Number of protein chains: 2
Amino acid sequence: MIMKTSARTFKALSDETRLRILGLLLDGELCVCDIMAVLQLPQSTVSRHLAYLKNAGWVDDRRCGVWMYYSIIENGSTLQRCLLKVLRENLPQSAVVVADRERLQGFSTDNSCA
Amino acid sequence: MIMKTSARTFKALSDETRLRILGLLLDGELCVCDIMAVLQLPQSTVSRHLAYLKNAGWVDDRRCGVWMYYSIIENGSTLQRCLLKVLRENLPQSAVVVADRERLQGFSTDNSCA
DNA sequence: TGAATATAACCGCATGAGCGGATATGGTAT
DNA sequence: ATACCATATCCGCTCATGCGGTTATATTCA
């Protein structure tokens, strides 16, 4: 466990928007446009946070045509695996994440995006 | 689980100095002067970080004469209890914390402080 | 009361980080 | 090649946070 990396790992979680994003991604891969729609945030804001999460090693991305899909990295560092477990147990308890997830269900979640 | 509070809980952990402090406190209550000596940091720096940890609900303090002792709060929020478990499992793996703890053993750790 | 000790809080400074609009970049269709 | 769509990145701005020296506060002792 490297301290600077650990601090950075925690720092990635110390923002509400990013926690909300992770709350959505816990159920599986999502496209930027879906995250934007659910969180009702401008594209640049979402994109910036996703970049932060990716740089911190929390998420991975893949491009499919013009769409970018993001997913949580399941086999990160030991610390991250521990924390991921904590997130899975605690994030769904949050009213904000509950509302976000319900809004996500309201969208047509097929794989070709909007 | 309240999002703003959670982000703040994580934020308290997103600094190397504060992780080091918690690494020391995992073994039990310590006085500010001990933490200062071990981390070899100025008093104002240590005091500031301890205040941050206290405000974030991670540590508690008690005064004993001119000395202030800090300890980790064991029965905090659900999230904090989960994270505390993660810290106990992961912090001692850090070389920095190992060195800090060894330096701490090198001091006379009676209860009347230096 | 004054002096000494421990430590909290203030202060100025530098850096980091969040925001959203604007612009750049990548992919696709015509 | 051009146009369109999705999204990454830049930009200016504001706020947060880290640093350590300095000052304020709390405690103890003579």
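Note on naming: letters A, B, ... go to the chains in the order of the sequence lines (proteins, then strands), and numbering restarts at 1 for each one. All values derive from a computational prediction rather than experimental measurement.
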Engineer: Does atom CD1 of B/Ile2 have more than 12 heavy-atom neighbours, drawn from other residues, nucleotides or ligands, at distances under 6.0 Å?
Structural biologist: no
Engineer: Rounded to whole angstroms, how far apart are CG on B/Leu30 and C1' on C/dT7?
Structural biologist: 16 Å
Engineer: Checking only heavy atoms, does the side chain of B/Gln43 share a donor-acceptor pair with the base of C/dA8 at less than 3.5 Å?
Structural biologist: yes
Engineer: Write down the distance between CE (A/Met36) and P (D/dA6), rounded to a whole number of angstrom.
Structural biologist: 9 Å
Engineer: Could you measure the distance from the CG atom of A/Leu53 to the CD1 atom of A/Ile73? Nearest 0.5 Å is fine.
Structural biologist: 10.0 Å
Engineer: Less than 4.0 angstrom between a side-chain N/O of B/Tyr70 and OP1 or OP2 of C/dA8, yes or no?
Structural biologist: yes
Engineer: Please classify the nucleic acid contact of B/Arg18 as base, sugar-phosphate, or nothing, using heavy-atom distances under 4.0 Å.
Structural biologist: sugar-phosphate
Engineer: Does the distance from a Lys or Arg side-chain N to an Asp or Glu carboxylate O, for B/Arg88 and B/Glu74, drop under 4.0 Å?
Structural biologist: yes
Engineer: Roughly how many Å is it from OH in A/Tyr52 to C1' in C/dG18, rounded to a whole number?
Structural biologist: 11 Å
Engineer: Backbone N or O of A/Val86 within a donor-acceptor pair of the A/Asn90 side chain at under 3.5 Å?
Structural biologist: yes
Engineer: What's the CG-C1' distance between A/Asp34 and D/dA6, to the nearest Å?
Structural biologist: 12 Å
Engineer: Rounded to the Å, how far apart are B/Glu16 CD and D/dG18 P?
Structural biologist: 12 Å
Engineer: For the side chain of A/Trp67, starting at C-beta, report the closest nucleotide among D/dT17, D/dA6, C/dG18.
Structural biologist: D/dA6
Engineer: Out of C/dA17, C/dG21, C/dC19, which has the shortest distance to the side chain of A/Ser44?
Structural biologist: C/dG21
Engineer: Picking from C/dG20, D/dA8, D/dC19, which would you name as closest to the side chain of B/Thr17?
Structural biologist: D/dC19
Engineer: Does A/His49 put a side-chain nitrogen or oxygen below 4.0 Å from OP1 or OP2 of C/dA17?
Structural biologist: no
Engineer: Determine: side-chain N/O of A/Thr45 to OP1/OP2 of C/dC19, distance under 4.0 Å, yes or no.
Structural biologist: no
Engineer: Nearest whole Å is fine: how far is D/dA8 P from A/Leu53 CG?
Structural biologist: 12 Å
Engineer: Do B/Met68 and B/Cys31 make a side-chain contact, defined as non-hydrogen atoms from C-beta onward lying under 4.5 Å apart?
Structural biologist: no
Engineer: Going 5' to 3' along nucleotides 25-30 of chain D, which nucleotides have protein heavy atoms under 4.0 Å from the base (write B), which only from the sugar-phosphate (write S), and which from neither (write -)?
Structural biologist: -SBS--
Engineer: Hey, does A/Leu19 have a side-chain heavy atom less than 4.5 Å from the side chain of A/Asp15?
Structural biologist: no
Engineer: Nearest heavy atom decides the nucleotide; on that basis, is A/Val46 or B/Pro42 closer to the 5' end of DNA chain D?
Structural biologist: A/Val46
Engineer: Please tell me if A/Ser47 has a side-chain N or O lying less than 4.0 Å from either OP1 or OP2 of D/dC10.
Structural biologist: no
Engineer: Should the pair B/Asp61-B/Lys54 be classified as a salt bridge under the 4.0 Å nitrogen-to-oxygen rule?
Structural biologist: yes
Engineer: Check the distance between C/dG12's C1' and B/Arg48's CZ and give it to me in whole angstrom.
Structural biologist: 13 Å
Engineer: For a quick test of reading the model, state the closest non-hydrogen atom pair linking A/Ile21 to A/His49 and the distance between them.
Structural biologist: CD1-CB, 3.8 Å
Engineer: Whole angstrom is fine here: how far is it from CG in B/Leu13 over to C1' in D/dT17?
Structural biologist: 15 Å
